[in-house]
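Take a look at the structure set out below.
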Amino acid sequence: MAYIFEEPSRTFSEYLLVPGYSSAECRVENVSLKTPVVKFKKGEESAIQMNIPMVSAIMQAVSGDRLAIALAKEGGISFIYGSQTIENQVEMVKRVKSHKAGFVTSDANIRPDQTLGELLELKEKTGHSTTAVTEDGTAEGKMVGLVTSRDYRVSRMSLDEKVANFMTPFEKLVYAEEGVTLSEANDILWEHKLNALPIVRKDQTLAYFVFRKDYDTHKQYPDELLDADKRYVVGAGVNTRDYAERIPALVEAGADVLCIDSSEGFTEWQKLTLDFVREKYGDKVKIGAGNVVDKEGFDYLADAGADFIKVGIGGGSICITREQKGIGRGQASAVIEVAKARDEYYERTGVYVPICSDGGIVYDYHMTLALAMGADFLMLGRYFSRFDESPTAKLNVNGTYVKEYWGEGSNRARNWQRYDMGGDKKLSFEEGVDSYVPYAGPLSDNVRQSLQKVKSTMCNCGLMNIPDLQKNAKITLVSATSIIEGGAHDVILRDTSSPGNR
């Protein structure tokens with residue numbers, strides 16, 4: 001008969017951390033969230049380390065170049081999604097690696113022959129009031145003008161009015177040529193009392209913008225994650241089908257770390273992909289693998305040469321693999337077993353292979369629990385999809401702002417490679433849904449608040465870094481009634497939505 005696990009499959013919500021002694025030194029500002037990303041030998045350090053234990057999921061609705069830049073500023077890594085052409089993914093990686101702090105690639109661009117109505121639609125979509133006018137409407141087209149909210153009045157103009165009629169033409173703009181330093185650009189901003197300074201190339205094509213508001217904010221990222229050349233660190237997802245073409249292109253583009261994107265990683269397909277990397281690049285190229293949920297899966301991928309291993313099947317908020325196929329495991333149970341396997345592997349071989357918990361995070365406190373259970377870092381999809389920087393549209397649904405969010409196993413993503421078992425190039429059935437998530441604003445504000453909670457919880461436990469949390473945290477199972485006890489109960493909640501109750 002089949003092997004049956006004695007313990008039930010458990011989720012993060014079934015556990016709580018038990019507080020421990022906290023010294024006077026155990027304050028939030030003293031807590032370190034630095035964590036290894038790729039494997040290393042005993043006595044050495046990981047070649048890639050993050051300053052926060054967060055990476056963004058390899059999903060169309062999550063990890064584009066804008067989010068990659070925003071997350072790198074906070075100290076984490078985004079894995080640019082691979083369910084697109086190799087050329088498009090390479091361009092995204094290049095945009096992250098070429099991004100300079102303070103120099104912003106324009107993502108609000110319009111042609112001069114477009115209308116005020118189209119401009120307002122673009123403003124609603126991007127949230128930006130400064131729009132570059134280029135001949136072809138792209139971020140690198142020949143710049144012919146600039147539009148800000150001061151250039152038009154909706155109440156007095158027709159929505160059919162051409163942008164060319166009310167834009168500030170290029171010859172009247174204050175601009176700088178490519179090659180100007182950030183300090184020089186900021187001096188020009190202040191001297192001319194500008195909010196935005198276009199940086200153009202010698203042929204008048206647009207290169208970047210420098211914004212007045214970024215003068216202070218670019219100093220506010222003490223944890224930003226940079227490579228040896230002071231460029232933002234970025235990851236990229238690959239599959240087990242076209243890896244021989246995709247991986248060399250991504251490596252050449254400058255991707256710092258790769259990850260095989262698959263719903264289930266305990267397969268020969270993953271070993272073949274890892275073999276290709278090791279034979280072609282040795283240990284120079286870093287690549288993670290997964291996903292697995294038990295010791296056997298971890299050992300297989302560790303022996304195959306994975307630099308880190310992702311843990312979790314069926315725990316994502318848009319994932320319906322468990323419903324469709326009846327496979328998976330509660331995320332807490334999976335992380336606990338795989339973390340134990342990682343530690344045993346380290347003792348046996350002297351090689352530490354970090355694990356990434358992928359899925360199952362509903363509340364911020366689940367992050368702390370996942371780390372305490374042994375995860376070295378967390379991969380998050382729904383969490384990041386809510387932010388301004390995710391690639392999806394921001395919509396108003398029944399008076400509430402939301403962002404679109406869909407799974408890689410949905411027909412919308414058409415990412416058959418992720419769920420491929422060697423058959424036809426199509427999705428025979430869906431393993432993900434198409435949905436909305438509540439819009440939450442900018443990434444920076446939300447990530448900092450979430451990690452403030454993580455650090456505060458660690459202080460409650462008397463622990464000041466992730467290795468200490470993994471080694472010394474005390475965790476207890478909770479009963480159904482104690483879960484109820486943990487929320488608001490036996491009171492009548494005030495209606496704070498009424499103005500008189502604020």
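Of the residues Val133, Leu146, Thr131, Leu173, the one that meets the side chain to side chain contact (heavy atoms under 4.5 Å, CB included) test with Met167 is Val133.
For the pair Asn186 (side chain) and Leu182 (backbone), a donor-acceptor distance under 3.5 Å is present. Put simply, the side chain of Gln204 gets close to the backbone of Met143: a donor and an acceptor are under 3.5 Å apart. Side chain of His192 to backbone of Ile188: no donor-acceptor contact under 3.5 angstrom is found. A side-chain donor-acceptor contact under 3.5 Å links Glu184 to the backbone of Thr181. A donor-acceptor distance shorter than 3.5 angstrom exists from the side chain of Arg246 to the backbone of Gly82, with no hydrogens or angles considered. Of the possible polar contacts, one joining the Asn465 side chain to the Asp468 backbone as a donor-acceptor pair under 3.5 Å is found. Checking side-chain atoms of Ser78 against main-chain N and O of Ile80 turns up no donor-acceptor pair under 3.5 Å. In this structure a side-chain-to-backbone donor-acceptor pair under 3.5 Å is missing from Arg342 to Tyr352. Checked by atom type and distance alone, the side chain of Lys286 pairs as donor or acceptor with a backbone atom of Asp283 at under 3.5 Å. When atom types are taken as modelled, the side chain of Ser390 and the backbone of Ser385 share a donor-acceptor pair closer than 3.5 angstrom.
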**Message:** What verdict does the side-chain hydrogen bond (donor to acceptor under 3.5 Å, both in side chains) test give for Thr35 and Gln49, after you've listed the backbone C-alpha separation in whole Å, the side-chain angles of each residue and the deciding distance to 0.1 Å?
**Reply:** CA-CA 6 Å; Thr35 192; Gln49 299 185 70; over 6 Å; no

**Item:** Step-by-step side chain to side chain contact (heavy atoms under 4.5 Å, CB included) determination, Tyr208 to Val200
**Value:** CA-CA 7 Å; Tyr208 305 104; Val200 299; over 6 Å; no

**Message:** Does Val37 form a side chain to side chain contact (heavy atoms under 4.5 Å, CB included) with Phe377? I'd like the steps, not just the answer.
**Reply:** CA-CA 8 Å; Val37 177; Phe377 55 99; 4.2 Å; yes

**Prompt:** side chain to side chain contact (heavy atoms under 4.5 Å, CB included) between Leu443 and Leu67: does it pass, once the steps are laid out?
**Reply:** CA-CA 8 Å; Leu443 178 146; Leu67 191 127; 4.0 Å; yes

**Derivation of the salt bridge (Lys or Arg N to Asp or Glu O under 4.0 Å) call for Glu74 and Arg448** = CA-CA 8 Å; Glu74 296 302 320; Arg448 292 186 183 193; 2.9 Å; yes

**Message:** Between Lys73 and Tyr232, is the side chain to side chain contact (heavy atoms under 4.5 Å, CB included) condition met? List the steps.
**Reply:** CA-CA 8 Å; Lys73 287 180 178 179; Tyr232 288 124; 3.4 Å; yes

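Here the straight-line distance linking atom CG of Leu71 with atom OG of Ser63 works out to 8.0 Å at 0.5 Å rounding. If you take SG on Cys259 and CG on Asn239, they are separated by 12.0 Å, rounding to the nearest 0.5 Å. One distance of note links CG of Leu258 with CD1 of Ile287; it measures 5.0 Å at 0.5 Å rounding. Summarising the geometry, atom OG belonging to Ser56 is positioned 8.5 Å from atom CG belonging to Leu380; distances are rounded to the nearest 0.5 Å. Rounded to the nearest 0.5 angstrom, His366 NE2 and Asp364 CG are separated by 9.5 Å. In this structure, Ile313 CD1 and Phe266 CZ are separated by 10.5 Å, a value rounded to the nearest 0.5 Å.
The side-chain heavy atoms of Trp190 and Arg212, taken from C-beta on, include a pair separated by under 4.5 Å. Two residues are said to be in side-chain contact when any heavy atoms from C-beta on lie closer than 4.5 Å; Ser357 and Met379 fail this criterion. The shortest distance between side-chain heavy atoms of Val233 and Leu226 does not fall below 4.5 Å. Side-chain contact between Ile77 and Val234: absent, with no pair of heavy atoms (C-beta onward) separated by less than 4.5 Å. Side chains of Ile336 and Lys340 form no contact here, defined as non-hydrogen atoms less than 4.5 Å apart. In this structure, Leu395 and Tyr436 have side chains that are in contact, with non-hydrogen atoms separated by less than 4.5 Å. Taking 4.5 Å as the limit, some side-chain heavy atom of Arg382 sits within range of a side-chain heavy atom of Arg386. Contact check for Val174 versus Leu194: side-chain heavy atoms found under the 4.5 Å cut-off.
Enclosure of atom CD in Glu44 by more than 12 non-hydrogen atoms of other residues, nucleotides or ligands within 6.0 angstrom is indicated. Remark: Lys34 NZ is loosely packed, at most 12 non-hydrogen atoms of other residues, nucleotides or ligands lying under 6.0 Å away. The number of heavy-atom neighbours closer than 6.0 Å to CD of Glu171, taken from other residues, nucleotides and ligands shown, is above 12. When the shell of 6.0 Å around CZ of Phe276 is examined, it contains more than 12 heavy atoms from other residues, nucleotides or ligands. Other residues, nucleotides and ligands contribute more than 12 heavy atoms inside 6.0 Å of the CZ atom of Arg348.
Here the closest non-hydrogen pair linking Val338 and Ile355 is CG1-CG2, 3.8 Å. Closest approach of Leu378 and Ala370 over heavy atoms only: CD2-CB, 3.6 Å. Taking all atoms of both residues into account, the shortest heavy-atom contact from Thr126 to Ala108 is OG1-CB, 4.1 Å. Residues Val335 and Gly374 come closest through the heavy atom pair CG1-N, 4.4 Å. Summarising the geometry of Ala185 relative to Val180, their closest heavy-atom pair is N-CG2, 3.9 Å, with the distance given to 0.1 Å. A pairwise comparison of heavy atoms in Phe12 and Leu369 identifies O-CD1, 3.4 Å as the closest pair.
In this structure, a donor-acceptor pair under 3.5 Å is absent between the side chains of Thr138 and Asn109. Between the side chains of Thr240 and Thr273, not a single donor N or O lies within less than 3.5 Å of an accepting N or O. With no hydrogens or angles considered, no side-chain donor-acceptor pair links Thr205 and Glu140 at under 3.5 Å. Looking at Asn291 and Asp358, their side chains do bring a donor and an acceptor atom within 3.5 Å of each other. With hydrogens and angles left out, the side-chain atoms of Asn446 and Tyr383 include no donor and acceptor closer than 3.5 Å. Under the 3.5 Å distance criterion, with hydrogens and angles disregarded, a donor-acceptor pair is assigned to the side chains of Asn88 and Thr85.
Under a cutoff of 6.0 Å and an axis angle of 45°, Lys403 and Tyr439 do not form a cation-pi pair. In this structure, Lys39 fails the cation-pi test against Phe308, since its NZ or CZ atom is not both closer than 6.0 Å to the six-membered ring centre and inside 45 degrees of the ring normal.
Using the six-membered ring where Trp is involved, Tyr365 and Tyr363 have ring planes that are parallel, under 30° apart on the 30 and 60° scheme.
Between Glu178 and Arg201, at least one side-chain nitrogen of the basic residue sits less than 4.0 Å from a carboxylate oxygen of the acidic one, meeting the salt-bridge criterion. Ion pairing between Asp107 and Arg66 holds under the 4.0 Å rule for side-chain N and carboxylate O. Lys271 has no carboxylate O lying under 4.0 Å from a charged side-chain N of Asp303, or vice versa, which leaves the two without a salt bridge. Salt bridge Asp256/Lys97: present, at least one basic N to carboxylate O contact under 4.0 Å. Look at Glu177 and Lys202 and you find a salt bridge, because one of the NZ, NE, NH1 or NH2 atoms lies within 4.0 Å of a carboxylate O, short of that distance.
Taking the six-membered ring for Trp and the full ring otherwise, the centers of Phe209 and Phe211 sit less than 6.0 Å from each other.
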